[in-house]
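See structure below.
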Amino acid sequence: MNTINELAYWHNLIITYFIIGISWLFEHFRDYAWIVRVAAISLTVSGSLIVISLFRIFNRSLKRRKRIKVENNLRKRYGEAIEYILSPESDHNMGRDQMLEKLDIPPSEDDPKRLLKDWRERMAMARIIYRTRISEDARINDSRNVQVLLNIFGITEFLEEVVLKDKQHLKVEALLMLRAFKVSTNQWISNQLMNSKRHRVKRMAMYSSIMTHTNTDLQYFESEFFANNFCMYDEIQLGFVLQKRLSAKRKIPNLAHWATMHEDPKAQEMFIRMMRQFNQKEYCYELEELFNHSSEGALIEEIARTWGYLGYTEGEQLMSEMLLTQADDSKVAIMHALTRLNTGNSLPALVDGYRNSGSPHVKFEALRCIYLYGQQGRAKFEELRAKATDKDKFYFEFFDNELTLKEIPLEKTARYHSRYGDNLFSVA
């Protein structure tokens with residue numbers, strides 16, 4: 001009996017017994033009041049559901065215990081040898097025969113089907129190698145030992161079968177392992193996964209392709225799927241795969257291109273943040289039009305931060321001109337960026353930010369930026385202090401407090417303001 005017929009058999013059997021049970025209850029309680037009949041059926045159904053739930057919990061616990069037992073047995077047998085093979089101390093170009101000797105496997109028994117008896121053992125071995133690989137990954141990027149090890153146990157072929165046939169969570173786990181092992185997945189398998197109806201599987205397949213293949217695969221970000229299903233998981237995956245591409249000396253794409261192309265502000269912000277992470281100063285000029293015409297405050301802030309961190313001085317004049325037209329949080333981000341650039345040309349803009357804002361936290365941040373703007377800024381700060389009105393004096397007094405914010409780096413201030421709002425003294 002194949003799997004489909006077996007499932008159909010059990011499904012029909014359960015439905016049949018359920019109908020028989022309900023019919024028996026109706027017949028047995030026929031002469032009782034309707035509320036008694038409903039109560040009897042409800043109790044019976046509830047009891048059945050409880051029994052089924054307990055059975056599922058017990059079954060899952062049993063499977064977990066068996067999985068842990070299998071994994072522990074394999075770890076006792078091969079664990080130390082695998083850790084040594086994948087460690088920095090080993091020969092990173094170990095041959096198959098040498099590796100079999102380390103694993104204490106006779107050459108006559110190196111057939112993967114003999115070494116690992118069933119699906120459960122193969123998955124356990126894949127997890128053992130995966131965890132060891134991850135723990136040593138930063139130090140053994142150039143080692144070919146992991147590929148030889150995978151071939152000895154037949155793990156690559158097994159994981160590709162899992163990716164095609166098994167449940168979604170196992171597909172995703174298998175994809176993660178293949179990616180960590182830097183295996184170039186069969187193109188037919190990749191195409192199948194990229195066309196999956198399951199969003200998580202499709203997204204994982206896309207990022208696995210980005211990490212291991214050429215620049216043409218980065219067209220994923222231009223796809224309708226990405227535009228319609230963008231989420232924060234994309235940012236995690238993008239950061240991971242681009243870092244891996246960088247480690248493998250593959251080209252990092254122009255992230256500003258996708259920041260300007262997309263209409264979703266959250267996706268745009270993600271690409272702009274990634275520009276900071278991967279130091280893409282050469283593409284900063286592509287953000288000028290977006291900065292000039294966007295109505296999204298959060299997007300303006302990300303562009304300003306990126307220009308400030310990357311030292312894009314060509315954007316200084318544009319930020320100075322746009323400062324007073326922005327919302328409060330955007331003003332603060334722009335002032336921070338101008339202070340990081342610290343070319344000596346933006347001090348008048350910071351002073352304007354202080355004088356022309358009615359928001360306490362913007363005025364305070366403007367003063368802090370002026371204070372941090374070198375000797376020229378410190379002199380202007382003291383000049384403003386001498387001319388301060390009674391209403392503004394408390395801003396300057398705050399800098400004389402032991403718990404002053406003048407020593408806190410600029411990027412920390414957003415946390416303070418989001419938590420304390422305009423009540424500056426509550427910080428101290």
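- The side-chain heavy atoms of Cys369 and Val332, taken from C-beta on, include no pair separated by under 4.5 Å.
- Atom OG of Ser357 sits about 11.5 Å away from atom CG of Asp352, to the nearest 0.5 Å.
- With His262 contributing its side chain and Trp258 its backbone, the two residues share no donor-acceptor pair below 3.5 Å.
- Evaluation of the salt bridge (charged side-chain N to carboxylate O under 4.0 Å, His left out) rule for Lys380 yields Glu383 as partners, not counting sequence neighbours.
- Looking at residues two or more places apart in sequence or on another chain, you find a salt bridge (charged side-chain N to carboxylate O under 4.0 Å, His left out) between Asp390 and Lys393.
- Nearest heavy atoms, Leu338 versus Ala349: CD1-CB, 4.3 Å.
- Within the model, atoms CD of Glu83 and CD1 of Ile128 stand 9.5 Å from one another, a figure rounded to the nearest 0.5 Å.
- Annotation: side chain to side chain donor-acceptor pair (under 3.5 Å) contacts of Asp264 (sequence neighbours excluded): none.
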What do the steps show when you test Gln317 against Asn345 for side chain to side chain contact (heavy atoms under 4.5 Å, CB included), and what is the final call? CA-CA 9 Å; Gln317 184 177 351; Asn345 300 323; over 6 Å; no

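- Contact check for Leu103 versus Phe153: side-chain heavy atoms found under the 4.5 Å cut-off.
- A salt bridge links Glu302 with Arg276: the closest approach of a Lys/Arg side-chain nitrogen to an acidic carboxylate oxygen falls below 4.0 angstrom.
- Between Leu255 and Leu242, the closest side-chain pair of non-hydrogen atoms falls below 4.5 Å.
- In this structure, Leu367 and Phe396 have side chains that are in contact, with non-hydrogen atoms separated by less than 4.5 Å.
- Listed by chain and number, the residues in a side-chain contact (heavy atoms from CB on, under 4.5 Å) with Ser295 amount to none (sequence neighbours excluded).
- Annotation: ring-ring contact (aromatic ring centres under 6.0 Å, His included) contacts of Phe291 (sequence neighbours excluded): Trp307.
- Residues satisfying the side-chain contact (heavy atoms from CB on, under 4.5 Å) test with Lys281, not counting sequence neighbours, are Leu310.
- Note: Leu150 CG to Asn145 CG = 10.5 Å, rounded to the nearest 0.5 Å.
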One pair to check against side chain to side chain contact (heavy atoms under 4.5 Å, CB included): Arg77 and Asn73. What are the steps and the verdict? CA-CA 6 Å; Arg77 187 174 178 185; Asn73 288 339; over 6 Å; no

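- Ring geometry for Phe158 versus Trp119: interplanar angle over 60°, hence perpendicular rather than tilted (30 to 60°).
- The side chain to side chain donor-acceptor pair (under 3.5 Å) test applied to Glu382 returns Arg385, not counting sequence neighbours.
- A distance of 9.5 Å separates CD1 of Ile303 from CD of Glu269, quoted to the nearest 0.5 Å.
- The cationic atom of Arg378 (NZ for Lys, CZ for Arg) lies less than 6.0 Å from the six-membered ring centre of Tyr371 and within 45° of the ring axis.
- Contact of the Glu316 side chain with the Ser346 side chain is registered, since non-hydrogen atoms from C-beta on lie closer than 4.5 Å.
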Do Met94 and Lys102 pass the side chain to side chain contact (heavy atoms under 4.5 Å, CB included) test, and can you show the C-alpha distance, the side-chain angles, and the key distance before you say yes or no? CA-CA 10 Å; Met94 195 178 291; Lys102 291 290 181 185; 4.2 Å; yes

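- Side chains of Met123 and Met177 form a contact here, defined as non-hydrogen atoms less than 4.5 Å apart.
- Across Leu74 and Ala124, no two heavy atoms sit closer than the pair CD1-CB, 3.8 Å.
- Using a distance-only test at 3.5 Å, with no hydrogens or angles considered, no donor-acceptor pair links the side chain of Arg122 to the main chain of Gly154.
- In this structure Gln277 satisfies the side-chain contact (heavy atoms from CB on, under 4.5 Å) test together with Gln243, Met274, sequence neighbours excluded.
- Two residues are said to be in side-chain contact when any heavy atoms from C-beta on lie closer than 4.5 Å; Leu116 and Ile155 meet this criterion.
- A side chain to side chain donor-acceptor pair (under 3.5 Å) with His336 is found for one member of Lys331, Glu301, Arg305, Glu365 and no other, namely Glu365.
- The side-chain heavy atoms of Phe271 and Met275, taken from C-beta on, include no pair separated by under 4.5 Å.
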Show your reasoning for whether side chain to side chain contact (heavy atoms under 4.5 Å, CB included) applies to Ile129 and Met125. CA-CA 6 Å; Ile129 298 174; Met125 179 56 73; 4.0 Å; yes

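- The minimum heavy-atom distance between Leu86 and Thr132, with the atom names listed, is CD1-CG2, 3.9 Å.
- To the nearest 0.5 Å, atom CD of residue Gln376 and atom CG of residue Leu347 are 5.0 Å apart.
- The list of salt bridge (Lys or Arg N to Asp or Glu O under 4.0 Å) pairs with a residue in residues 226-235, not counting sequence neighbours, reads Arg203-Asp234, Glu235-Arg273.
- The nearest pair of heavy atoms linking Asn342 to Gly374 is ND2-N, 4.3 Å.
- When ring centroids are compared, His257 and Phe221 stay outside the 6.0 Å threshold.
- Every residue was checked against the side chain to side chain donor-acceptor pair (under 3.5 Å) condition with Tyr84, not counting sequence neighbours, and none meets it.
- The 12-atom threshold is not exceeded at CD of Glu80, counting heavy atoms of other residues, nucleotides or ligands nearer than 6.0 Å.
- With values rounded to the nearest 0.5 angstrom, Lys266 atom NZ is found 8.5 Å from Glu296 atom CD.
- What you find for Phe226 and Ala267 is that their closest heavy atoms are CE2-CB, 4.4 Å.
- For Glu288, the side chain to side chain donor-acceptor pair (under 3.5 Å) partners at least two apart in sequence or on another chain are Tyr312.
- When all heavy atoms of Ile272 and Ala259 are compared, the closest pair comes out as CG1-CB, 3.9 Å.
- For Arg355, the side-chain contact (heavy atoms from CB on, under 4.5 Å) partners are Val351, Leu384, not counting sequence neighbours.
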